[in-house]
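Only heavy atoms go into these numbers, but all of them, side chains included; no hydrogens, no water, no symmetry mates.
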Amino acid sequence: MSTLLANLNEPQLAAVTLPAEHALILAGAGSGKTRVLTTRLAWLISTGQVGPQGVLAVTFTNKAAREMLTRLSAMLPVSTRGMWIGTFHGLCNRMLRAHHRDAGLPQSFQILDSQDQLAAIKRLLKTLNVDDERFPPRNLQHFINGAKEEGLRPAQVEAHDDYSRRCVELYQAYDDQCQREGVVDFAELLLRSHDLLERNQFIREHYQRRFRHILVDEFQDTNRLQYRWLGLLAGGGAAVFAVGDDDQSIYAFRGANVANMAAFEREYRVRNLIKLEQNYRSQGNILACANTLILNNRSRLGKNLWTDSGDGEPVRVHEALDDRQEAQWLVEEVRGLVRDGWARSDVAVLYRSNAQSRVIEHALFSAGLPYRVYGGLRFFERAEVKHALAYLRLIENPADDGAFLRVVNFPTRGIGARSLEALQDSARGGASSLFAAVAGLSGAAAAKLTAFTRLIDGLAAETRRLPLPELVEQVVERSGLAAHYLAEKEGQERLENLRELVNAAAAYLAEEGIGQDVPAAVGVAAAAAPLPANLLADVPEVLGDAAPEAGGAALPAMTPLAAFLSHASLEAGDNQAGEGADAVQLMTIHAAKGLEFDGVFVTGLEEGLFPHENAVTGTPRGGVRPGATDESGLEEERRLMYVAITRARQRLYLSFAQMRMLHGQTRYSMRSRFLDELPEGSLKWLTPRTQARAEPAWSEGYRGAWEGFDAPARGGARPAQGGAGASAWSSSTRGGAARGRADNGDTGRLGPHEQRAAQRFDRGIAYRVGQGVMHARFGEGVIVGIEGSGDDARVQVDFGRVGVKWLALSVAKLETLG
DNA sequence: TCGGTTCAGAGTATT
DNA sequence: TCTGAACCGA
């Protein structure tokens, strides 16, 4: 015990040892959140307040769940097997497996990942002859998932017009299709589990009695449905211990509802609110930047990070001419760090959007610096792996039409579109699965299709006695997949991935504690083999309550194969590229959340990119509203910046470029407003700090500037679309009231940005960004930047094909146009 | 049925 | 500019 609680700081200790009541822990970045969570768990158990079976701990990612399990077993001499620690989806899956009948699901229902779901929707639209131009599958997927995450079944979705009525119909048809085929999507796992708890008093009370303590990680990321799910579980008096950080809420776009934190505090009458503000990760200047920046957000619960490790180095800021130069500079800095003895893997390069990685990769590659890009295709998402899984799914559940269509003609068996159309017609007529409909078919196509179903039947029968890894191996061989990739020129890697799938099956069994000698296709309980503890350990207990006389042997059990398939859906695996190597780490800021590095580069700090244009204008969410600003979107971007900054332990670089290739066109942007929200004293500019920022291109001011501006006849002279990133502080300075020439210093109700811009204007340069000009030698151009004043004044002009030039006004002869 | 061409779209993402 | 998906011809 003493070792368990040793070295906790005061608020950490207070949180860990709170009484069995609801609590909200506001855990700042790097404040030891995971430690508090796991130590709380360990403390509750080791003090005998609750047994390992009496707690439920839920996370968002498998990684976080694994970490919690690992740390917990290091702290406690207790087997974590069978404990309810996992992701929302994993735990819901577990619950649905245990009560599949009550949940209205077949014993071995399969889980659709996003890819599968989209395919299912496309298939549905085709079957129903729906115009997929009017109802794009992606939109429908979004609509369906959105509804489910709000806890809404089709009947409960409000539809006020024909279009949304049709969407609701399609939602219903999609759910029917899933039900027919015995599959559930990710959102359905949660919703089904929620509905089960809500409707079935017996099951609900069982779990309410069982879980006395509910611990939730990353509470700021919960959506409404997850909040309600927790509510049902906690309804019997469990103590909810919610840990989160509203300042790190960066997933609103995928349904996260930060308001759940405030709602929790209110609805659960939380009396224990603890803030963890001591940061053990970053040095002072870095924290000062984070703290000062986030003060610009209005909607916060409020928190201020501190450290006792000193100021450390200043935060370095670099301005580059363009994206390539930014990357080049970065490469030089990294080289310097490596020379100084840094490991490359201690350095991370962060960016707002994936597209930005290309230029950086190019520069790193050219310099021979090893790097690793996070994200991308993961193991179980690979085409060849999905193909193999589709065969396995058919063995487990022949009604899975999605799996059927995926592999019926892969490798090719001469089964073309026409045969499949005939089959689909027949299946529709008989309301049966495609697999079942094959039997009723006649003609030339029938023979080939029958050969396919025989293959599957044969595999199912002959592999029934085999342990899972051997089953997988057999399927890879006899499906023809192995031969197919062997014959393919570039099939080597795919073949290796298929071999890896066999290993993954073996590893899965080992992890779940299922004996390797258990036949894969035979129900685990029926075979009297050890239960896959994580999946079924509590079933007897549940059924024991329901029907004390029912013995465990009568249990409907899931096969190791079915269990492995759901594992494959729920955990997509890593993208293995370059793992373990000493390489510079490249990733989006989103992907960096939760990680930390000695050195961090945050790149592309430009208006339009970061904060991202769409977030600021509220597009496409909420429709295109040019010129509008979206405060909540901007605040989320700022939190993203906060996350980025707080990844760094020791050294932080912030960089931006004056122009950047975007969508094939050169874009000019102002530096990000976030840079101007950092405390000057904590920064060190590596390049001269230029003057004021202007309003971003898409703002009110942008339109003001371009109105009345006649684009030069030669299209090339006009900056690329949205190009006058540096446009128009001239008009925006007056809050958009009077347009045109800025001629006074009325800065009364202006924000800091506008004020600075207005001051700049007072210095009396008669040019403005966005202004068309004519140069004797370079021709027509557009001003994209202004610097200095008086005799030192320079303007940056885009002359289209001629290029972008800085011109000193005292030297260059410019004529204004328009 | 494959392979080339064309076209649109290009923000962040876990399960 | 670059990518992925859809489409058409052999």
Interatomic distance at P, B/dT12 relative to C/dA5, whole Å: 16 Å
Between C/dT3 and B/dT14 - C1' atom distance, rounded Å: 23 Å
Aromatic-base stack, A/H663 on B/dG9, cutoff 5.5 Å, angle under 30: no
Where does the angle between the aromatic ring planes of [X] and [Y] fall among parallel (under 30°), tilted (30 to 60°) and perpendicular (over 60°)?
X: A/Y251; Y: A/F253; result: tilted
X: A/H89; Y: A/F186; result: perpendicular
X: A/H387; Y: A/F410; result: parallel

Do [Y] and [X] meet the salt-bridge criterion of a basic N to acidic O distance under 4.0 Å?
X: A/D113; Y: A/R378; result: no
X: A/R638; Y: A/E677; result: yes
X: A/E149; Y: A/R254; result: no

Distances for protein N/O vs nucleotides 1-4 of chain B N/O pairs under 3.5 angstrom?
| from | atom 1 | to | atom 2 | distance (Å) |
| --- | --- | --- | --- | --- |
| B/dT1 | OP1 | A/N409 | ND2 | 3.2 |

Heteroatom pairs (N/O) under 3.5 angstrom, protein to nucleotides 5-7 of chain C:
none

Euclidean distance, A/L634 CG relative to A/L640 CG, rounded to 0.5 Å: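 One gets 11.5 Å once the value is rounded to the nearest 0.5 Å.
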Pairs under 3.5 angstrom, nitrogen or oxygen only, protein versus nucleotides 13-15 of chain B, please.
| from | atom 1 | to | atom 2 | distance (Å) |
| --- | --- | --- | --- | --- |
| B/dA13 | OP1 | A/T588 | OG1 | 2.8 |
| B/dA13 | OP2 | A/N354 | ND2 | 3.4 |
| B/dT14 | O4' | A/R254 | NH1 | 3.2 |
| B/dT15 | OP1 | A/N62 | N | 2.7 |
| B/dT15 | OP1 | A/N62 | ND2 | 3.3 |
| B/dT15 | OP2 | A/R378 | NH2 | 2.9 |
| B/dT15 | O3' | A/L570 | O | 3.4 |
| B/dT15 | O2 | A/H89 | NE2 | 3.3 |
| B/dT15 | O4 | A/S114 | OG | 2.7 |

Between B/dG9 (P) and A/N139 (CG): distance, integer Å: 11 Å
